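Letters go in sequence order (proteins before strands), and every chain restarts at 1. Predicted, not measured: the structure shown is a model, and the values here were computed from it.
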2 protein chains.
Amino acid sequence: MVQKPNNRSKDADERLKRRAEVRRLEILRAAARAFRQLGYHATGMRDIAAEADLSPGNLYHYFKGKEEILFFCQDRSLDNMLEALERARLSGGAAPDQLRAVADAHVRVILDELEGSDAHLELDVLGQELRDKLIKKRDRYERGIRKLIAEGLKRGELLDCDPVLVTRAMLGALNWTVRWYRPEGPRSIAAVARSLADYVVRGIDPSPAGGAAVPETEGGSS
Amino acid sequence: MVQKPNNRSKDADERLKRRAEVRRLEILRAAARAFRQLGYHATGMRDIAAEADLSPGNLYHYFKGKEEILFFCQDRSLDNMLEALERARLSGGAAPDQLRAVADAHVRVILDELEGSDAHLELDVLGQELRDKLIKKRDRYERGIRKLIAEGLKRGELLDCDPVLVTRAMLGALNWTVRWYRPEGPRSIAAVARSLADYVVRGIDPSPAGGAAVPETEGGSS
DNA sequence: TCGGTTTTTGAACCACCGTTCGATTATGGC
DNA sequence: GCCATAATCGAACGGTGGTTCAAAAACCGA
């Protein structure tokens, strides 16, 4: 309870912190794996523990509970998406190209073998506090895409449409992949991402056979 | 246990059957309402019972369990969609028009105030038997749309695309509405359905500003 | 080797929820 | 009114699953 900062050297303390952080990531990945295999609701803490190779009780040294684990899974994915959005924005390309890049990255993130899972779609199970944080971040992402569209419209680079509705339709088409995509199937993640990115933008792209201009990100999901 | 068919007149028996059937529908609607408000997993049998105004135990006179309730909810919606698909097919219009009609109806069905709910998306919780039935029916629906697209392509009424992928993308965009649509919002169900139907077809419609040709179904979701 | 802190364990706890069950009440034909 | 059947109730059961906890083990600087 009482502070005892001086009986441990500073860098040693940080080393521990870092180790704990690494362990947390391992657990998160294991959890995402479990979620993907069994579905969020069917996945128990014991499953996560087994997948992460530690005891059930020990999970609670790293996370406050199941909710927090789900939260961090979603949070990390959202960060990845926001990052991709920013990258597209900075690329300075035409609106359709930027949109295609974002859509492509979006699919790659949610289908990612290590982190992706349908847990992304589970917002309702979180408590007020955590849910609000995620909603805030998710809204920032959605607004970003909306802005991309709105600006594209203003610059005449896109066909007339309702940015709000189109954004949601796009995200729906992309998110839906977690429901049907199977790695054993005929299509690679990259191919699906590219095709879908193409499709969702086509409808508002003035250029004739619009598309096929995703900047070849070369499987960069390290 | 033993058959005793003669101590009740035939039509009286059928009257009872019909009454029970009506009650079942009432319960299904109540369940859908509950699912929509709380989400499927957060909705307990006691919630459904309260919403349907009967005791928890009594639910089991009408359904084998929670799974079966969910099953029938989804089954009914699928029937509605298949019906709409058939109607579009029989209309004999051009492929883009048929597709728009199907998409429009699809959104109307899943957002329907009485029956709709995100329970549509919950397949995993069902047991083998029921799930297989639903998957079969859902696949029939999906194949129907795919066929619509494939035939449209063959007749040169649609732009080149992968029917499988486009079908799934379309359904994703449409299904996603259950996640964000709120009746209190600025858009009516009809408006959303129309706009989305327009958007999802636009990308593969050769005609210039394609769309706006949904046959004005006049809120016929009685 | 010693003392503290962190990590780990696995059993136990407990609340919730789907479900069952025996009893009670309505229903409808004779 | 009588009886069989259907409908209804509400308490109780059983199992699952998230979580807690006290104790043991591992770690690490001194």
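The side-chain contact (heavy atoms from CB on, under 4.5 Å) test applied to B:N58 returns B:L54, B:S55, B:H61, B:Y62, not counting sequence neighbours.
Listed candidates were D:dA7, D:dC9, C:dT9. Nearest to the side chain of B:Y62 is D:dA7.
One axis for each end of the helix from C:dT1-D:dA30 to C:dC30-D:dG1, each built from five base pairs, and the angle between them comes to 10° at 10° resolution.
Rounded to a whole Å, the CZ atom of B:F63 is 15 Å from the C1' atom of D:dA7. Protein atom CG of A:L54 is 15 Å distant from nucleotide atom C1' of D:dA26, rounded to whole Å. Rounded to whole angstrom, the span from the CZ atom of B:R23 across to the P atom of D:dA6 amounts to 17 Å. In this entry the distance linking CZ of B:R18 with P of D:dA6 reads 17 Å, nearest Å. D:dT8 atom P lies 10 Å from atom CG of B:D53, rounded to whole Å. Spacing between atom CG of A:L70 and atom C1' of D:dG18 amounts to 14 Å, rounded to whole angstrom units.
Summarising the geometry, atom OH belonging to A:Y141 is positioned 10.5 Å from atom CG belonging to A:N80; distances are rounded to the nearest 0.5 Å. For the atom pair B:S91 OG and B:D97 CG, the distance stands at 7.5 Å (nearest 0.5 Å).
Ion pair B:R100/B:D104 not flagged as a salt bridge, since none of the NZ, NE, NH1 or NH2 atoms sits closer than 4.0 Å to an Asp/Glu carboxylate oxygen. A salt bridge between A:R29 and A:D112 is absent, with no side-chain N of the basic residue lying under 4.0 Å from a carboxylate O of the acidic one. Here A:D79 pairs with A:K137 in a salt bridge; the nearest charged N to carboxylate O distance falls below 4.0 Å. Under the 4.0 Å criterion applied to side-chain N and carboxylate O atoms, A:E21 and A:R18 are not assigned as salt-bridge partners.
Not one side-chain nitrogen or oxygen of A:R19 sits closer than 4.0 Å to the OP1 or OP2 atom of C:dT7.
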> For every nucleotide of nucleotides 11-25 of chain C, 5' to 3': is a protein heavy atom under 4.0 Å from its base (B), only from its sugar-phosphate (S), or from neither (-)?
Replying inline: -B----BBBB-----

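The only option from B:L148, B:I149, B:I145 that meets the side-chain contact (heavy atoms from CB on, under 4.5 Å) definition with B:P163 turns out to be B:I149.
Between B:Y40 and A:H41, the ring center distance fails the sub-6.0 Å criterion.
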